[in-house]
Amino acid sequence: MWIRACSSMWMLASVSGIIYLGHLYIWAMVVIIQIFMASELFNLLRRATQDKRLPRFKPLNWHFFFTAMLYVYGRILSQQLVNTVTSDKFFYRLVSNLIKYQMVICYFLYIAGFVWFILSLRKRYYKYQFGQYAWTHMILIVVFTQSAFTVANIFEGIFWFLFPASLIAMNDVAAYFFGFFFGRTPLIKLSPKKTWEGFIGASVATMIAAFTFANYLGRFQWLTCPRKDLSTGWLQCDPGPIFKPENIPLPGLLSNLLPWKEIAVLPVQWHALWLGLFASIIAPFGGFFASGFKRAFKIKDFGDSIPGHGGFTDRMDCQMVMAVFVYIYHQSFVYRQEYSVDMFLDQITRNLVLEEQQYLYTKLGMILQERSYMQK
């Protein structure tokens with residue numbers, strides 16, 4: 001427990017510092033975690049005796065990994081890249097062409113890996129090589145699915161990354177302590193140490209934490225502002241109605257017992273209850289899945305990168321499930337799509353080079369001048 005507690009404090013301090021630095025540094029942290037997770041999962045089914053006879057086979061996994069990274073993050077960050085380099089003509093052209101031909105580049109990188117794999121096939125190792133090929137693709141799906149949604153959440157506002165991650169951590173810690181002190185009834189055979197007492201106690205603690213954490217974190221503007229480019233520095237924006245406090249009158253009995261007659265609540269706190277409910281009831285099944293997976297391969301942990309906790313994959317099992325839900329919930333129930341002239345122009349000019357944009361804006365200016373003259 002002492003080793004686990006020290007590692008937890010070290011991770012908390014590190015993550016807090018990275019969050020303070022901003023969106024780009026959090027994204028970099030996610031990429032580093034991805035690389036560790038991929039390394040742990042790649043090594044899970046490796047056989048040293050087989051790899052020695054296939055010297056160029058191991059780098060093939062990482063070729064597919066970085067190709068998938070280029071595809072996923074290129075799709076997510078394309079608009080942020082354009083907004084960052086619009087003032088420089090050369091870099092704007094370079095970035096515009098990379099965005100325009102990104103799918104083609106990724107496709108041919110994947111085809112190069114596919115050809116590489118075919119040329120690397122050796123007699124007596126076909127089964128092992130095809131097994132590793134399938135395993136690699138499964139890892140890419142698992143790792144990049146959750147990380148893509150995580151990065152998307154970060155750029156919608158650090159709140160949508162930090163808040164759900166805090167709920168998972170709260171649920172994990174509460175389940176550990178409630179189970180340690182009060183656990184008697186086994187919860188699931190996949191994890192013999194998990195108990196109903198720990199599960200229920202953690203659920204109650206997570207729901208309370210969700211309502212209070214959302215009120216605290218939602219009052220920091222630099223956490224709630226979305227990032228529209230890849231520049232660094234703190235943001236200032238209109239936080240939106242869900243982060244603006246509303247005064248709710250207390251019921252008659254409570255108002256008589258308490259010194260105040262109303263309380264200030266952020267609308268996001270009502271959304272937080274749904275996220276807390278998911279984090280306490282559904283997200284733990286990501287951990288159960290990981291436990292069953294480890295039992296299938298007869299291992300205790302996916303790795304030993306974090307003393308007392310195992311590997312990064314052991315810590316991210318519930319986060320993977322949570323990140324996808326948060327993105328879907330945010331886009332479905334929180335995000336407000338607002339259309340403006342600037343948005344339409346941005347969509348039209350996204351794939352145009354600088355000269356074509358200048359020509360378009362010149363023509364639009366001439367049209368507006370003509371209309372203004374006719375109205376006069």
* Distance-minimising heavy-atom pair for Q146 and V324 -> CA-CG2, 4.4 Å

* **Plane angle bin for F130 and F117 - parallel if under 30°, tilted between 30 and 60°, otherwise perpendicular** => perpendicular

* After noting the C-alpha distance and the side-chain angles of F288 and F285, does the key distance pass the ring pair (Phe, Tyr, Trp, His ring centres under 6.0 Å) rule? -> CA-CA 5 Å; F288 300 152; F285 280 85; 5.1 Å; yes

* How are the rings of F199 and W196 set relative to one another: parallel (under 30°), tilted (30 to 60°) or perpendicular (over 60°)? -> perpendicular

* **Whether H137 and Y110 hold their rings parallel, tilted or perpendicular, with breakpoints at 30° and 60°** => perpendicular

* **ring pair (Phe, Tyr, Trp, His ring centres under 6.0 Å), paired with H271, selected from F163, W160, Y329** => Y329

* May I ask you to decide if the ring planes of F220 and Y216 are parallel, tilted or perpendicular, using 30° and 60° as cut-offs? => perpendicular

* To do: Measure up the F155 and W27 rings against each other and bin them: parallel (under 30°), tilted (30 to 60°), perpendicular (over 60°).
  => perpendicular

* To do: May I ask you to decide if the ring planes of Y20 and W222 are parallel, tilted or perpendicular, using 30° and 60° as cut-offs?
  => perpendicular

* To do: Flag the pair F159 / F243 as yes when their ring centroid distance falls below 6.0 Å, and as no otherwise.
  => yes

* Y327 vs F149 aromatic rings, parallel, tilted or perpendicular, using cut-offs 30° and 60°? -> tilted

* Would you please indicate if the ring centroids of F297 and F293 are separated by under 6.0 Å? => yes

